[in-house]
S.K.: 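Please find one structure pasted underneath; my questions will follow.
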Amino acid sequence: MDHLNAQRGLVNLFTSDSYRLLCLLNRLQTDTPHGKRVRESQEEIAELFHVSKGKLNPLMQELVASGCIEKYRARSGYMVTPLGTQVVELLGRLEQLETLR
């Protein structure tokens with residue numbers, strides 16, 4: 001039952017702004033000597049996502065808590081984890097199927 005609740009939690013999480021934000025972060029990643037990273041600050045991400053930093057912070061925290069992104073520097077900088085990448089890919093496929101209906 002806990003596994004089912006966890007799955008529902010992920011589905012609910014990623015049918016919202018959190019999923020759209022994760023997609024944006026995934027697109028923003030660039031190659032660095034330490035792997036792919038989002039170099040933009042939270043202020044820059046908020047501007048690109050068209051929300052205030054106050055609205056962005058809880059969404060970022062939600063993505064960190066879900067394991068889909070990780071911080072790599074104290075003040076700014078994120079990376080999309082393999083789980084986050086899988087979520088973007090799988091939900092992207094589901095969106096494509098929806099458009100075929």
S.K.: Tell me, please, which residues at least two apart from L24 pass side-chain contact (heavy atoms from CB on, under 4.5 Å).
M.R.: L21, R27, L28, I45, L48, F49

S.K.: If you group Ile, Leu, Val, Met, Phe, Trp and Tyr by side-chain heavy-atom gaps below 4.5 Å, do M60 and V64 land in one group?
M.R.: yes

S.K.: Is any side-chain heavy atom of Q42 less than 4.5 Å from a side-chain heavy atom of L56?
M.R.: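 Yes, at least one pair of side-chain atoms sits under 4.5 Å.
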
S.K.: Can you find a heavy atom in the side chain of Y72 that is under 4.5 Å from one in the side chain of R37?
M.R.: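 Yes, their side chains come closer than 4.5 Å.
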
S.K.: Got a sec, which residues hit side-chain hydrogen bond (donor to acceptor under 3.5 Å, both in side chains) with E43, two or more places apart in sequence or on another chain?
M.R.: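 E43: side-chain hydrogen bond (donor to acceptor under 3.5 Å, both in side chains) contacts with S41, K53.
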
S.K.: Atom CG in N26, atom CE in M79: separation rounded to 0.5 Å?
M.R.: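 N26 CG to M79 CE: 11.0 Å, rounded to 0.5 Å.
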
S.K.: Test of understanding: clusters of I, L, V, M, F, W, Y form through side-chain heavy atoms closer than 4.5 Å, transitively. Do V38 and L83 belong to the same one?
M.R.: yes

S.K.: Are side-chain heavy atoms of V80 and V88 found at a separation under 4.5 Å?
M.R.: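 The answer is no; the side chains never approach within 4.5 Å.
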
S.K.: Which residues pass the side-chain contact (heavy atoms from CB on, under 4.5 Å) test with H50, sequence neighbours left out?
M.R.: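 Testing H50 for side-chain contact (heavy atoms from CB on, under 4.5 Å), a comparison that skips the adjacent residues, returns none.
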
S.K.: Return the minimal non-hydrogen interatomic distance between L59 and S18, and the atom names on each side.
M.R.: CD2-OG, 3.6 Å

S.K.: OG/S66 to CG/L22 distance, rounded to the nearest 0.5 angstrom?
M.R.: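 Nearest 0.5 Å value for the OG-CG distance: 7.5 Å.
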
S.K.: Could you list all the salt bridge (Lys or Arg N to Asp or Glu O under 4.0 Å) pairs where at least one residue sits in residues 77-86, not counting sequence neighbours?
M.R.: none

S.K.: Hey, what do you get for CD1 (I69) to CD (Q61), rounding to the nearest 0.5 Å?
M.R.: 10.0 Å

S.K.: Could you pull out all residues at least two apart from K36 that satisfy salt bridge (Lys or Arg N to Asp or Glu O under 4.0 Å)?
M.R.: none

S.K.: With side chain to side chain donor-acceptor pair (under 3.5 Å) as the rule and sequence neighbours excluded, what pairs involving residues 81-92 come up?
M.R.: none

S.K.: How long is the straight-line distance from CZ of R39 back to CD of E44, given to the nearest 0.5 Å?
M.R.: 12.0 Å

S.K.: Rounded to the nearest 0.5 Å, what's the gap from CD on E40 to CD on Q29? Could you check?
M.R.: 10.0 Å

